[in-house]
Amino acid sequence: MKKIIVTIDGPAGAGKSTTARRVAHRLGYLYIDSGAMYRAVTLAALRESTSLDDESLGELANRCDIHMEPGYESQAVFLNGEDVSLAIRQSNVTGSVSQVSAFPRVRRALVQRQRSLGLLGGVVMDGRDIGSVVFPNAEVKVFFTADTEERIKRRLSEAIERGESIAEDEVRQQILGRDKIDSEREESPLVKPAGATEVDTTRLTMDEQVERILELVSQCANF
Ligand code: DC
């Protein structure tokens with residue numbers, strides 16, 4: 001059986017990560033959360049007070065050792081050997097990650113690593129530009145959407161689960177702000193990739209989302 005590449009792109013809160021992780025688990029594939037890589041570089045930039053220009057951030061991105069350990073319920077993320085799985089989800093990182101990830105050299109550094117992780121196939125990767133830029137020839141490409149209010153609700157309950165005290169309005173501002181930067185930036189903006197299947201997850205359960213993707217995989221001629 002050939003090991004293929006499955007990409008899931010879409011805005012924050014559309015349900016990409018959990019779905020992608022479960023799909024990967026069902027297929028025995030590797031799940032790669034590309035957003036976590038941009039978050040890890042952002043955390044490093046905040047810690048080092050790196051100036052927010054292309055050259056400094058690109059150099060930092062090249063220097064960061066980012067390692068991910070897959071798990072069924074969550075994925076551990078290590079930055080230069082330190083477990084930063086929780087730190088990269090804090091609101092200081094969430095508030096700056098779109099700005100950092102818009103810089104071309106940051107993207108170049110991370111896209112290169114993402115491609116090398118997918119060299120042998122057998123990968124489910126989620127993000128904003130995975131089906132359009134990182135793996136334009138992926139066998140299965142999915143584009144998730146969901147109503148904005150539903151996405152805000154999901155992100156808010158995730159934050160509450162992590163024990164963060166964050167107001168709904170702050171989550172709304174973060175999501176709307178990120179939507180705008182991620183889809184309007186010049187370099188690899190968030191778009192529905194050519195050949196992607198759009199799935200509106202607003203009224204789908206997690207199981208339905210997973211099954212929808214597994215169905216696309218099983219219909220894939222190369223699988
Ligand atoms: O998926 P996430 O919310 O953890 O992603 C965090 C940010 O990283 C997102 O707002 C934009 C950026 N990102 C990106 O530019 N390209 C990707 N492939 C993944 C994430």
Side-chain angles (χ1 to χ4, degrees), residues 5-21 31-46 52 54 57-58 60-61 64 66 68 74-77 79 84-118 123-136 138 141-146 148 151-152 154-159 162 164 166 171-193 196 201:
I5 292 182
V6 180
T7 68
I8 307 179
D9 290 295
K16 303 181 299 292
S17 324
T18 310
T19 314
R21 196 164 50 238
Y31 163 57
I32 298 160
D33 173 0
S34 67
M37 300 169 89
Y38 289 97
R39 284 174 179 273
V41 172
T42 304
L43 178 67
L46 291 172
L52 296 183
D54 197 28
L57 288 170
L60 174 70
C64 283
I66 303 166
M68 289 184 282
S74 62
Q75 177 196 243
V77 182
L79 171 64
V84 293
S85 313
L86 287 179
I88 60 166
R89 307 282 160 204
Q90 301 294 317
S91 59
N92 59 338
V93 172
T94 303
S96 303
V97 64
S98 284
Q99 207 187 343
V100 170
S101 57
F103 286 100
R105 287 186 202 204
V106 172
R107 305 205 67 80
R108 225 171 293 153
L110 297 188
V111 166
Q112 198 183 11
R113 291 189 211 177
Q114 290 153 10
R115 286 191 179 136
S116 65
L117 290 167
V123 159
V124 182
M125 194 178 292
D126 75 337
R128 304 293 189 286
D129 62 340
I130 310 304
S132 56
V133 173
V134 182
F135 297 122
K141 299 190 207 179
V142 186
F143 188 68
F144 269 10
T145 60
T148 307
R151 294 192 288 119
I152 292 165
R154 292 176 187 171
R155 277 291 140 109
L156 187 63
S157 52
E158 282 166 18
R162 282 196 301 270
E164 275 175 55
I166 186 166
V171 176
R172 176 172 289 105
Q173 294 314 321
Q174 275 182 353
I175 289 224
L176 295 178
R178 285 209 287 147
D179 280 358
K180 188 169 161 57
I181 302 176
D182 295 347
S183 50
E184 290 181 2
R185 68 183 178 218
E186 268 182 42
E187 188 90 6
S188 317
L190 169 66
V191 288
K192 178 180 166 185
T201 67

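Fair warning: this is a prediction, and the values are worked out from it, not measured in the lab. Every number for a ligand or one of its atoms is a count from 1 in the order of the listing.
Distances between N or O atoms of R107 and those of ligand 1 include at least one value under 3.5 Å.
For the pair D9 and K192, the salt-bridge criterion is not met [side-chain N within less than 4.0 Å of a carboxylate O]. Electrostatic pairing of R21 and D126 does not count as a salt bridge here, judged by no charged N lying under 4.0 Å from a carboxylate O. Look at R172 and D179 and you find no salt bridge, because none of the NZ, NE, NH1 or NH2 atoms lies under 4.0 Å from a carboxylate O.
Nearest non-hydrogen protein atom to atom 4 (O) of ligand 1 is R39 NE, 2.7 Å. Counting protein heavy atoms only, atom 19 (C) of ligand 1 is closest to S34 OG, 3.3 Å. In terms of protein heavy-atom proximity, atom 18 (N) of ligand 1 is closest to D129 OD1, 2.8 Å. In terms of protein heavy-atom proximity, atom 3 (O) of ligand 1 is nearest to R178 NH1, 2.8 Å. Closest to atom 17 (C) of ligand 1, if we only count protein heavy atoms, is R128 N, 3.3 Å.
Ligand 1 lies less than 4.0 angstrom from a heavy atom belonging to R89. The closest approach between a heavy atom of Q114 and any atom of ligand 1 is not below 4.0 Å. Residue M37 places every heavy atom at 4.0 Å or more from ligand 1.
Checking S132, P189, G35, S101 against atom 20 (C) of ligand 1, the nearest heavy atom belongs to G35.
Put simply, the side chain of E187 does not reach to within 4.5 Å of the side chain of F103, judged on heavy atoms.
Looking at every heavy atom in both residues, V171 comes nearest to I152 through CG1-O, 3.8 Å.
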